[in-house]
Asks: 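Take this structure first; my questions come after.
Quick note: residue numbers are just sequence positions, from 1. What you see is a predicted model, and the numbers here were worked out from it, not measured in a lab. No hydrogens, no waters, no symmetry mates; every other heavy atom, side chains included, goes into these values.
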Amino acid sequence: MTSLGSIPALRTVSQRVLDVIAVDARPVRYPADTVIRPPGRRATGVVLLLSGTVVASYPTPAGAQLWTDRCTGPRIVDKPAVLGADVPSYGLLALTAVTGRLLPAAAFKDLLDNHAGVRAHVLTQLAR
């Protein structure tokens with residue numbers, strides 16, 4: 001499995017900080033085609049995606065799914081849902097088998113508040 005330090009946003013933090021994140025974030029594995037977070041459900045944290053591919057999916061009136069964003073690890077997934085005030089209308093779906101860690105929203109926000117390199121990377125990604 002890929003390490004937390006391989007996630008681009010986390011490359012600037014010390015090993016001590018990575019160790020704290022590892023304690024705060026529980027490990028997860030999802031098989032392909034698994035709903036990670038259903039549309040319309042509040043995000044309780046971000047996915048520290050270590051391997052695999054996740055898509056943001058919107059249900060269509062016809063019952064299909066529209067995939068608007070595709071994320072392949074390593075990277076942080078679901079940042080807008082955690083940082084936004086509204087319940088997101090999109091969900092997250094594991095397109096392939098996924099390994100990662102779930103970091104609670106409060107721990108993610110603390111990370112942004114206390115580490116300028118992480119904050120700059122995340123804001124740059126959100127601006128795109």
Side-chain angles (χ1 to χ4, degrees):
M1 180 177 356
T2 305
S3 71
L4 290 172
S6 68
I7 296 173
L10 302 179
R11 288 184 183 150
T12 61
V13 300
S14 69
Q15 185 60 50
R16 183 186 61 77
V17 172
L18 292 174
D19 291 343
V20 169
I21 293 169
V23 169
D24 290 343
R26 70 179 174 88
V28 293
R29 290 181 184 267
Y30 299 104
D33 298 322
T34 300
V35 174
I36 296 171
R37 183 181 50 72
R41 183 169 296 165
R42 185 167 302 283
T44 59
V46 294
V47 178
L48 303 175
L49 183 61
L50 298 174
S51 67
T53 301
V54 172
V55 292
S57 64
Y58 290 87
T60 67
Q65 293 182 22
L66 175 65
W67 296 346
T68 58
D69 194 17
R70 175 182 234 152
C71 306
T72 299
R75 72 186 280 182
I76 300 175
V77 178
D78 224 13
K79 299 177 292 285
V82 168
L83 297 173
D86 297 329
V87 174
S89 58
Y90 69 92
L92 291 180
L93 174 71
L95 189 59
T96 67
V98 165
T99 62
R101 300 183 81 85
L102 292 179
L103 183 65
F108 177 62
K109 291 174 184 177
D110 285 343
L111 188 62
L112 294 178
D113 288 344
N114 296 310
H115 299 280
V118 176
R119 182 174 51 253
H121 182 90
V122 167
L123 291 175
T124 300
Q125 294 300 308
L126 290 174
R128 289 186 182 152

Asks: Restricting to side chain to side chain contact (heavy atoms under 4.5 Å, CB included), what partner residues turn up for His115, sequence neighbours left out?
Replies: Val13, Val17, Leu111, Val118
Asks: Mind listing the closest non-hydrogen atom pair of Thr12 and Ala9 along with its distance?
Replies: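 That would be OG1-O, 4.3 Å.
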Asks: Over all heavy atoms of both residues, which pair between Val82 and Ala105 is shortest? Give the atoms and the distance, please.
Replies: CG1-CB, 3.6 Å
Asks: Using the test side chain to side chain contact (heavy atoms under 4.5 Å, CB included), find all partners of Ala106 that sit at least two apart in sequence or belong to another chain.
Replies: none
Asks: For the residue pair Gly40 and Val87, what are the closest heavy atoms and their distance?
Replies: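 What the structure gives for the nearest pair is O-CG1, 3.0 Å.
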Asks: Going by heavy atoms in the side chains, are Ile76 and Phe108 under 4.5 Å from each other?
Replies: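 Touching, per the 4.5 Å side-chain cut-off.
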Asks: Residues two or more places apart in sequence or in another chain: which of them pass side chain to side chain contact (heavy atoms under 4.5 Å, CB included) with Arg11?
Replies: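 Here the qualifying residues are Pro8.
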Asks: Between CG of Asp24 and CG of Leu102, what distance do you get to the nearest 0.5 Å?
Replies: 12.5 Å
Asks: I want to check something: taking the side chain as every heavy atom from C-beta on, are Lys109 and Leu83 in contact at a cut-off of under 4.5 Å?
Replies: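 Contact flag for Lys109/Leu83 side chains = yes.
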Asks: Does Leu50 reach the side chain of Leu4, with side-chain heavy atoms less than 4.5 Å apart?
Replies: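 Heavy-atom side-chain distance check passes, below 4.5 Å.
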Asks: How would you list, by chain and number, every residue that makes a salt bridge (Lys or Arg N to Asp or Glu O under 4.0 Å) with Arg37, sequence neighbours excluded?
Replies: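 Per chain and number, Arg37 pairs via salt bridge (Lys or Arg N to Asp or Glu O under 4.0 Å) with Asp78.
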Asks: Between OG of Ser6 and CG of Leu49, what distance do you get to the nearest 0.5 Å?
Replies: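 Going from the OG atom of Ser6 to the CG atom of Leu49 covers 9.5 Å.
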Asks: Is it the case that one hydrophobic cluster holds both Leu126 and Leu103, taking links as side-chain heavy atoms less than 4.5 Å apart, direct or via other members?
Replies: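 Shared cluster, yes.
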Asks: When Ile36 is tested against each of Val28, Val47, Val55 for side chain to side chain contact (heavy atoms under 4.5 Å, CB included), which residue passes?
Replies: Val47
Asks: How long is the span from the CG atom in Leu112 to the CG atom in Asp110, to the nearest 0.5 Å?
Replies: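 Reported value, rounded in 0.5 Å steps: 9.0 Å.
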Asks: Can you tell me how far apart NZ (Lys79) and CG (Leu123) are? Round to the nearest 0.5 Å.
Replies: 10.5 Å
Asks: Mind checking what makes side chain to side chain contact (heavy atoms under 4.5 Å, CB included) contact with Val35, not counting sequence neighbours?
Replies: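 Here the qualifying residues are Pro38, Leu93.
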Asks: Got a sec, which residues hit ring pair (Phe, Tyr, Trp, His ring centres under 6.0 Å) with Tyr90, two or more places apart in sequence or on another chain?
Replies: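 For Tyr90, the residues satisfying ring pair (Phe, Tyr, Trp, His ring centres under 6.0 Å) (neighbours in sequence not counted) are Tyr58.
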Asks: Can you see which heavy atom on Pro39 is nearest to which on Ser57, and at what distance?
Replies: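 Heavy atoms of Pro39 and Ser57 come nearest at CG-O, 4.0 Å.
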Asks: Would you compute the distance between atom CG of Asn114 and atom CZ of Arg119 and round it to the nearest 0.5 angstrom?
Replies: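 So the gap between those two atoms works out to 8.5 Å.
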Asks: Drop me the distance from Asp33's CG to Thr96's OG1, to the nearest 0.5 angstrom.
Replies: 9.5 Å
Asks: Looking at Arg101 and Ala22, would you say the former's side chain and the latter's main chain have a donor-acceptor pair under 3.5 Å?
Replies: yes
